[in-house]
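What's counted below: heavy atoms across the whole structure, side chains too, no hydrogens, waters or symmetry copies.
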Amino acid sequence: MAETKREIERKYEAAAGTDVPDLTRVRDVATVTDEGVVELDAVYHDTPDLRLAADSITLRRRTGGSDAGWHLKFPVAVGVRDEIRAPLSDTLPPDLAALLRSRVRGGEVVPVVRLRSARDVRRLLDADGCLLAELSVDTVRARRLPKGPRASWTEIEVEAADDADPGILDAVEKQLRKAGVRPSDAPSKLARALAETAPEDHGPDAPPPAAPGTAGAAVLAYVREQAEAIVALDPAVRRDLPDAVHQLRVACRRLRSALKTYRSVLDRNATDPLGDELKWLAGELGVARDQEVLAERLRGRLTDVPRPLRLGPVKARLRIWDTARTKDARRKAVAALDSDRYLALLGRLDALLADPPLREAAGRDAAKVLARAVRKDHARLAARVDRALSLAPGHERDLALHEARKAAKRTRYAADAARPTLGKPAKKLSKRVKKVQSLLGEHQDAVVARATLRDLAVQAHAAGETAFTWGLLYGREEAAADAAERGLPEVWARAVPL
């Protein structure tokens, strides 16, 4: 089973034979121990077209040292990566292969670079003997595989200990700079190896499919951004990282919305089937996200109930309900990402971006085309809000308000897509419509929560428990929905169009 380690490190240029300064002068460092030299041999893998390296992801099979095995690293921030480790084996472990699926697709990873390093290690300890950081002077020999160019260099690497204050890296860097050591321009050994062993340039890049400043260029930039987000968030969902399912679902919705809003730019005969597939994926992910939101809401509501009014095993029943549904929802989300249908969707997104079905409006001025599309979505939202407010309270109005909420999302996403082109007006509209969306979202959450609370009350009653607390919560959700409905006219009045 793979394990994850948060890696916080910095790299520095060093000439062969560089002397490391006295690090006991660094704040909090009492002792520096020399751990000797370790020989490391790592083969880095990637797709033939280096898709992983393009996203600053590294995959290696390393022997030597205390952590021999497969290492997969995802960037988190500058100098921070999550390293996922699996035991040494001849082939790529399935757990790691799954995390690469959205990038590798149906292909395979192959050896691209071999790095052999002589690592001279020093451990920086505090007065209690606790590890603060590890510094190594690495003499690196790189070769492009299978029989490509070679390169060699020396670098210093400083990594903060797992439980240490990352500020130790600032203190060490200060001492290194005093000794004339400077940060490396390369973010990783692999990046440097690829750069220094790269084959000769085979010519200029292909021209963009749409001219800069046109509606086509603006819309395709947004479509590409959301498509890349889907690919990037796939492993985060598989790792069950916080908010990953929500972010991936939003990327699907934003992309689907853009394809609908900007039909004057991209031919709907090509994009509508793609939109259907995005709707399917968002729906599969939505089970997990909706459960997460609903469970958090009900837990919060229950916490707000005074103890004398919490009758029966309400917390236990809520916990059992959530555990069962969360497990099923997560299994459903991962199954969707493992499906052939999902891979086909990613392939179709690539094809769309490689050869976009541009219409005549794609060549026109971006500001005019995008503003017109955003105003059209706003008018659609206005019609839905007006209809919902014209209905009497009840089930039909609840449904109409939910449709208005979906229209608010689409308008907001349209404005967000237009922000690089339209600037502040689009930003203001997005902000105002978001408030409408949030209020309608509160209403819909209350409607969904009421249905769940009724089910829980029925289950409690059948088990011989009192349903009093569930009924109390039901009443509070009714009040929340009513408050949202009363507040809608005022919030909507501020959401003026462009």
Report yes if the side chains of Trp70 and His45 come closer than 4.5 Å at any heavy-atom pair, otherwise no. yes
4.5 Å side-chain heavy-atom contact, Val447 and His395: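 Val447 does not reach His395 side chain to side chain.
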From [X] [atom1] over to [Y] [atom2], what is the distance, rounded to the nearest 0.5 angstrom?
X	Y	atom1	atom2	value
Glu292	Asp322	CD	CG	9.5 Å
Leu488	Glu442	CG	CD	12.5 Å
Ile57	Lys73	CD1	NZ	13.0 Å
Glu284	Leu281	CD	CG	8.0 Å

Which of parallel (below 30°), tilted (30 to 60°) and perpendicular (above 60°) describes Trp492 and His378? parallel
Report the C-alpha distance between Arg405 and Gln444 in whole Å, list the side-chain angles of each, state the deciding distance to 0.1 Å, and finish with yes or no for side-chain hydrogen bond (donor to acceptor under 3.5 Å, both in side chains). CA-CA 8 Å; Arg405 179 196 182 195; Gln444 177 63 15; 5.6 Å; no
Within the side chain of [X], is there an N or O that forms a donor-acceptor pair under 3.5 Å with the backbone of [Y]?
X	Y	value
Asp138	Val140	no
Ser430	Ala426	no
Asp46	Val112	no

Among Arg384, Arg397, Lys409, Arg380, which residue meets the salt bridge (Lys or Arg N to Asp or Glu O under 4.0 Å) test with Glu403?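 The residue from Arg384, Arg397, Lys409, Arg380 that satisfies salt bridge (Lys or Arg N to Asp or Glu O under 4.0 Å) with Glu403 turns out to be Arg384.
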Passing candidate, salt bridge (Lys or Arg N to Asp or Glu O under 4.0 Å) with Asp416, options Lys427, Arg254, Arg410, Lys428: Arg254
Less than 4.0 angstrom from a charged side-chain N to a carboxylate O is my criterion; do [X] and [Y] meet it?
X	Y	result
Glu477	Arg450	no
Arg238	Asp338	yes
Arg182	Glu13	no

Under the side chain to side chain contact (heavy atoms under 4.5 Å, CB included) criterion, do Val172 and Arg10 qualify, and how do the steps go? CA-CA 10 Å; Val172 172; Arg10 297 181 188 176; over 6 Å; no
